[in-house]
Amino acid sequence: MTLRLGDIAPDFTAETSEGTINFHEWSGNNWAVFFSHPRDYTPVCTTELGAVARIKGEFDKRQTKVIAISVDPLDSHAGWIKDINETQNTTVNFPLIADPDKTIANLYDMIHPNASDTATVRSVFIIGPDKKIKLQLTYPASTGRNFAEILRVLDSLQLTANYSVATPADWQNGQDCVIVPAVKDEDIPAKFPKGHTVIKPYLRTTPQPNL
Ligand code: BEZ
């Protein structure tokens, strides 16, 4: 199934390392990050799950739940999680979906046959509280993801959702934001009381509004 930004993230019920989960119910009114791993007991995936577990508090601060998927069964996940805890200096503290028949992987188009017939690519979906897909990323199996970038995108998405701002290239939390084109010049002072700068009529910036 081809999924696009703005589509409703398909719902599913799955067996996970933390019990049976219905995805939409589980995410509730939160944001969600849903990411796939090629297989259990693979080296890059091991480091990725450890990395996410170590920064889980950062997702919590952003009202964001995280969930991973790997196309192996639950008993395999249980053994692999022990290895991750042992080697990555952490405790895996979010659910890992078991998807041995690849139903969910196919639902989210996580298997790219020209890359591999059997393993998922490294997909990331960020899903809003409205259940709509806000971001998707696809990495090859050989490249571990940068989860600081996922947090950065979450910050940007949440600023846009709450304050009518966008974020410029290479933006980092704390830096100036761009006022979205839909905001009329005359509405800027009331909407952005911290001030604003007009660099060009179409390029207007303001200090980050939520600080
Ligand atoms: C890994 O997760 O380590 C991995 C999986 C497939 C190919 C290369 C690396």
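Read the numbers this way: they start at 1 and go in the same order the structure lists the ligands and their atoms.
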Trainee: I'd like to know whether CG of Asn89 has more than 12 heavy-atom contacts from other residues, nucleotides or ligands below 6.0 angstrom.
Mentor: no
Trainee: Mind checking what residues have non-hydrogen atoms under 4.0 angstrom from ligand 1?
Mentor: Thr42, Pro43, Val44, Cys45, Arg122, Ala141
Trainee: Classify the ring geometry between Phe23 and Phe34 as parallel (under 30°), tilted (30 to 60°) or perpendicular (over 60°).
Mentor: tilted
Trainee: Would you say that more than 12 heavy atoms from the other residues, nucleotides or ligands in this model lie under 6.0 Å from the CG of Asn29, or not?
Mentor: no
Trainee: Would you say the side chains of Gln172 and Asp170 form a donor-acceptor pair under 3.5 Å?
Mentor: no
Trainee: Just to verify, what does Pro38 make a side chain to side chain contact (heavy atoms under 4.5 Å, CB included) with, not counting sequence neighbours?
Mentor: Cys45, Ala119, Arg122, Ala141
Trainee: Would one find more than 12 heavy atoms of other residues, nucleotides or ligands at under 6.0 Å from atom NZ of Lys184?
Mentor: no
